[in-house]
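A short worksheet on the structure shown next.
The basis for the numbers below is simple: all heavy atoms, side chains too, and nothing from hydrogens, waters or symmetry mates.
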Amino acid sequence: MTDGRRLRGQRSREAILERTVALASVDGLSGLTLGRLAEESGMSKSGFFAHWRDKEQLQLDAVDWAARQWVDHIVRPAMRAPAGVRRLFAMHEARLRFYEDGVLPGGCFFFVAQAEFDDRPGKVRDRVAKAMADWLNAVRAMVEEAITLGELRDDTNPGRLAFEINALGEATVVHARMIDPAEAYSYSRAAVLQRLRVLATDPSLLPED
């Protein structure tokens with residue numbers, strides 16, 4: 001009985017976090033109230049407050065949930081590709097697919113969160129910054145792995161290439177929502193592919209276009 005209640009409580013908590021991240025991708029974390037989230041989740045306020053009694057903790061947990069979602073939809077699928085340049089490109093394609101499939105109504109939780117908290121010191125900003133750093137470090141590690149495997153030139157700068165790939169991913173979010181989605185995904189894919197082909201010791205490992 002106790003285990004059943006605990007499992008239901010965990011599922012309820014996860015459903016709330018999933019909804020919080022979805023709403024925050026549109027309105028930002030600061031724009032959400034505990035009352036609105038309780039209503040959106042179909043819960044009583046008392047039931048909601050049994051999970052979170054203050055907004056900051058909910059925001060911190062939402063950042064963690066969004067990071068987990070990012071890993072599930074982007075990092076893990078990419079890891080199925082062979083290590084090296086093909087995995088790097090698979091990672092970028094998985095990111096574009098995450099946006100294109102509309103997993104989040106606002107496109108990208110972290111794109112909104114970094115703009116929202118970049119000048120607001122505190123725990124939430126630190127958590128967002130850590131999640132972003134973890135992502136960049138993961139991309140950089142893939143670049144370094146590709147160099148070690150001999151699939152990228154020895155003079156490749158891992159930090160800069162990781163920055164470039166991430167920047168092209170971020171640019172896709174605004175371009176797709178404000179200008180032309182098809183153009184945004186096409187340009188972003190082609191730009192990363194071209195960059196990797198230039199640096200690859202064997203461009204034939206990658207698609208031509």
Side-chain angles (χ1 to χ4, degrees), residues 21 24-25 28-29 59-101 103-104 106-177 184-185 187-200 205-206:
V21 168
S25 74
L29 284 169
Q59 291 174 331
L60 292 169
D61 290 345
V63 175
D64 291 342
W65 178 268
R68 172 179 161 185
Q69 183 184 59
W70 191 267
V71 169
D72 288 344
H73 285 266
I74 298 170
V75 179
R76 285 193 181 131
M79 295 301 289
R80 293 195 287 266
V85 292
R86 286 166 291 185
R87 184 172 291 173
L88 262 174
F89 189 54
M91 179 91 89
H92 186 66
E93 286 200 301
R95 181 179 188 173
L96 297 184
R97 194 159 49 248
F98 179 80
Y99 296 151
E100 196 168 11
D101 288 348
V103 176
L104 295 176
C108 183
F109 171 90
F110 287 106
F111 187 85
V112 175
Q114 66 179 321
E116 183 180 9
F117 288 96
D118 62 349
D119 58 355
R120 297 185 189 182
K123 293 180 181 179
V124 180
R125 181 192 184 280
D126 292 345
R127 191 69 60 87
V128 172
K130 181 183 183 303
M132 293 174 60
D134 287 346
W135 161 247
L136 279 170
N137 287 337
V139 180
R140 178 175 181 146
M142 287 189 182
V143 174
E144 291 171 342
E145 184 177 42
I147 295 171
T148 300
L149 291 171
E151 293 189 5
L152 285 176
R153 292 183 346 215
D154 289 339
D155 62 351
T156 302
N157 184 313
R160 187 172 71 189
L161 182 56
F163 177 88
E164 290 170 344
I165 292 172
N166 183 60
L168 285 163
E170 287 191 346
T172 308
V173 179
V174 175
H175 196 109
R177 297 182 69 80
Y185 299 125
Y187 285 173
S188 184
R189 183 181 186 275
V192 170
L193 178 59
Q194 182 182 48
R195 187 74 179 118
L196 290 177
R197 287 181 63 86
V198 165
L199 294 172
L205 290 172
L206 295 159

- State yes or no: are the ring centers of Phe109 and Trp70 separated by less than 6.0 Å? no
- So with a 6.0 Å cut-off around OH of Tyr185, is the heavy-atom count from everything else above 12? yes
- Decide if atom CG of Asp154 counts as having more than 12 heavy atoms of other residues, nucleotides or ligands within a radius under 6.0 Å. no
Any side-chain to backbone donor/acceptor pair from [X] onto [Y]? Under 3.5 Å, distance only.
| X | Y | value |
| --- | --- | --- |
| Arg197 | Leu206 | yes |
| Arg76 | Val71 | no |
| Arg153 | Leu199 | no |

Looking only at non-hydrogen atoms, find the nearest pair between [X] and [Y] and report the distance.
| X | Y | value |
| --- | --- | --- |
| Glu116 | Leu29 | OE1-N, 2.9 Å |
| Gln69 | Val103 | NE2-CG1, 4.0 Å |
| Phe111 | Glu170 | CE1-O, 3.8 Å |
| Val173 | Cys108 | CG2-CB, 4.0 Å |
| Thr156 | Ile147 | O-CD1, 3.7 Å |
| Gly106 | Ser25 | N-OG, 2.9 Å |

What I'd like to find out is whether the side chain of [X] reaches to under 4.5 Å of the side chain of [Y], using heavy atoms alone.
| X | Y | value |
| --- | --- | --- |
| Val139 | Asn166 | no |
| Leu161 | Leu196 | yes |
| Leu168 | Tyr187 | no |
| Arg127 | Phe117 | no |

- Query: Do we get Arg160 above Phe163's six-membered ring, with its NZ or CZ under 6.0 Å from the centre and within 45° of the axis?
  - Reply: no
- Query: When you check the gap from the basic side-chain N to the acidic O, do Glu144 and Arg140 get nearer than 4.0 Å?
  - Reply: yes
- Message: Between the side chains of Lys130 and Asp126, is the shortest nitrogen-to-carboxylate-oxygen separation below 4.0 Å, so that they form an ion pair?
- Response: no
Between [atom1] of [X] and [atom2] of [Y], what distance do you get to the nearest 0.5 Å?
| X | Y | atom1 | atom2 | result |
| --- | --- | --- | --- | --- |
| His92 | Leu193 | NE2 | CG | 9.5 Å |
| Glu151 | Arg86 | CD | CZ | 5.5 Å |
| Met142 | Ile165 | CE | CD1 | 10.0 Å |
| Arg97 | Ile74 | CZ | CD1 | 9.5 Å |
| Arg189 | Leu96 | CZ | CG | 8.5 Å |
| Glu145 | Leu88 | CD | CG | 8.5 Å |

- Check the side chains of Tyr99 and Arg95 for a donor-acceptor pair under 3.5 angstrom, ignoring hydrogens and angles. yes
